[in-house]
J.: 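Before I ask anything, here is the structure I am working with.
Within every chain, numbering begins at 1; the chains are lettered A, B, ... in the order of the sequence lines, protein sequences first and strands thereafter.
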Protein chains: 2
Amino acid sequence: MFYNDKKVSIAVVRRLPRYYRYLGELLKNDVTRISSKELSERMGVTASQIRQDLNCFGGFGQQGYGYNVEYLYKEIGNILGLYNGYTTIIIGAGNLGRALANHSSFEKRGFRLIGIFDINRDLVGEEIRGIKIRHMDELEDFFKENRVDIGILSIPKEGVAEVSQRLVNLGIKGLWNFSYADLNLEGDVEIENVHLSDSLMTLSYKITQHKRW
Amino acid sequence: MFYNDKKVSIAVVRRLPRYYRYLGELLKNDVTRISSKELSERMGVTASQIRQDLNCFGGFGQQGYGYNVEYLYKEIGNILGLYNGYTTIIIGAGNLGRALANHSSFEKRGFRLIGIFDINRDLVGEEIRGIKIRHMDELEDFFKENRVDIGILSIPKEGVAEVSQRLVNLGIKGLWNFSYADLNLEGDVEIENVHLSDSLMTLSYKITQHKRW
DNA sequence: TAGATTGTTAATCGATTAACAATC
DNA sequence: TAGATTGTTAATCGATTAACAATC
């Protein structure tokens, strides 16, 4: 069977990492099989949704049995591209950039941080987790010597348009954007925005509209 | 007219901060009025969606004229609760907690950081942006002396269940959760999760499924 | 007034849930 | 085999888009 023709909605995709996380926990607890019903109860979603979601990518289960936890875990990891050894670089070695560089859980998911860049020459040469900070001028040379898949943008919004376009021109595949601007780029690149302020304001809304208060 | 009876969907709410951001930019550029059509073109959404979204909360526009930028900006800010002077505390003064503490843009949106807590006694007394780090043991006393609205959870997932329940028991209104676990709490609290790994995996999926490669 | 644009209803589209035959 | 549970189709629900009368 071929599933690559169906267009999978972003809503489904955004649920995959959560399935992956729960399956990882089950695996850690030596659970070998699970039904969509039991998983749905643990996760607080419907069993129907789980089966629909998974069937966007293939028939991973077995009637009367359920799903093999390890197999499903690996399949979802594969769908998410976690075994492709994607490399990342961080642009902007400020507080957020440093925090992300030190966040070991990304490595655990198969992402490899290979470079950190900043415009501040005072930081150049400093090392974070064994990776030295380079000046932005070295970016083009770095791309000649390394395959860089993902750019992590932890710079103020003022510089992000120019820098991101530069990365796209260098052939980067994806941008993980923490700067508070919407990227609008010429070229073929995937973008994932993390707008922390938006998230905090959403929480603020929920609190404000809460019935109890 | 009263709009407080309509249940506003989370999809609408999550778009409000983005409207707020664009309106803020317009205001900065001295634009005094804007139509849903023009705003829709700038933002890359439909004019219909903008009008529908806004009308969940009230009729902020005027036929034949459009929307007054400053008025709409302030109204949305008010809906989001940005003028309520919400206070925040950070739990976990590791890399991420520090980065969030130094992130001045939250203050710009009206949130006031009043405390930072950690279990590591070596950090206690240290100051970040003038706010000294306290030990977790001081949490209860701190609540006696301060109104705390929002808890920012930047701790490893192992401790988050206990700590968050403690905060809820102390009467916190909202939790902004950066730890890689889903909170499941007894009590009345609003939760907003920021699962960075999930976001990175979503980007990884987009790259992996991209047609060009 | 005439033109522009909203607020709002109706139509469409997509996502979620329910149901059940297939089958392990 | 009988029971369990999937894969998948059909029904429902909700969100988005289109249309247009109201009105500034």
J.: For the CG atom on B:N184, are there more than 12 heavy atoms of other groups (residues, nucleotides or ligands in this structure) within a distance under 6.0 Å?
T.: no

J.: Are B:Q49 and B:D53 linked by a side-chain donor-acceptor pair shorter than 3.5 Å?
T.: no

J.: Give a yes or no on this: more than 12 heavy atoms of other residues, nucleotides or ligands lie within 6.0 Å of atom CD1 of B:I119.
T.: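 No, the 6.0 Å shell around CD1 holds no more than 12 heavy atoms from other groups.
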
J.: Are the side chain of B:S154 and the backbone N or O of B:G92 linked by a donor-acceptor pair below 3.5 Å?
T.: yes

J.: Which residues in residues 33-44 of chain A have a heavy atom closer than 4.0 Å to any atom of DNA chain D?
T.: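 Heavy-atom contacts with DNA chain D come from A:S35, A:S36.
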
J.: Rounded to the nearest Å, what distance is computed from the NZ atom of residue A:K7 to the P atom of nucleotide C:dG14?
T.: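 In whole Å, C:dG14 P lies 12 Å from A:K7 NZ.
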
J.: Could you run through DNA chain D and flag its stems, i.e. three or more consecutive Watson-Crick or G-U pairs with both distances under 3.5 Å?
T.: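 Output for stems: C:3-24 with D:3-24.
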
J.: Do A:N29 and A:E25 have side-chain atoms, one donor and one acceptor, less than 3.5 Å apart?
T.: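 Short answer, no.
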
J.: Are the side chains of A:I150 and B:L200 in contact, using a 4.5 Å heavy-atom criterion?
T.: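 Result yes, sub-4.5 Å side-chain heavy-atom pair found.
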
J.: In this structure, how many angstroms lie between the P atom of C:dG7 and the CD1 atom of B:I50, rounded?
T.: 12 Å

J.: Between A:F142 and A:R134, is there a cation-pi geometry (under 6.0 Å to ring centre, at most 45° from the normal)?
T.: no

J.: Do A:F111 and A:W176 make the cut of ring centroids closer than 6.0 angstrom?
T.: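 No; A:W176 has its ring centre 6.0 Å or more from that of A:F111.
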
J.: When you measure from the side chain of A:T87 to the backbone of A:R147, do you find a donor-acceptor pair of N or O atoms at a distance under 3.5 Å?
T.: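 Yes, because the side chain of A:T87 sits within donor-acceptor range (under 3.5 Å) of the backbone of A:R147.
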
J.: So if I define the base as every atom that isn't primed, P, OP1 or OP2, how would nucleotides 17-24 of chain C read as a B/S/- string at a heavy-atom cutoff under 4.0 Å?
T.: BBBB-BBB

J.: Tell me: OH of B:Y71 to C1' of C:dT6, nearest whole Å?
T.: 14 Å

J.: In whole Å, what is the span from the OH atom of B:Y67 to the P atom of C:dT5?
T.: 12 Å

J.: Would you mind telling me which of A:R109, A:K108, A:H103, A:E107 makes a side chain to side chain donor-acceptor pair (under 3.5 Å) with A:S105?
T.: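 Only match with A:S105 under side chain to side chain donor-acceptor pair (under 3.5 Å): A:H103.
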
J.: Send over the distance from A:F57 CZ to D:dG7 C1', rounded to a whole Å.
T.: 16 Å

J.: I would like to know whether B:D198 and B:N193 meet side chain to side chain contact (heavy atoms under 4.5 Å, CB included); could you show each step before the answer?
T.: CA-CA 11 Å; B:D198 287 7; B:N193 291 305; over 6 Å; no

J.: Whole angstrom is fine here: how far is it from CG in B:N55 over to C1' in C:dT9?
T.: 12 Å

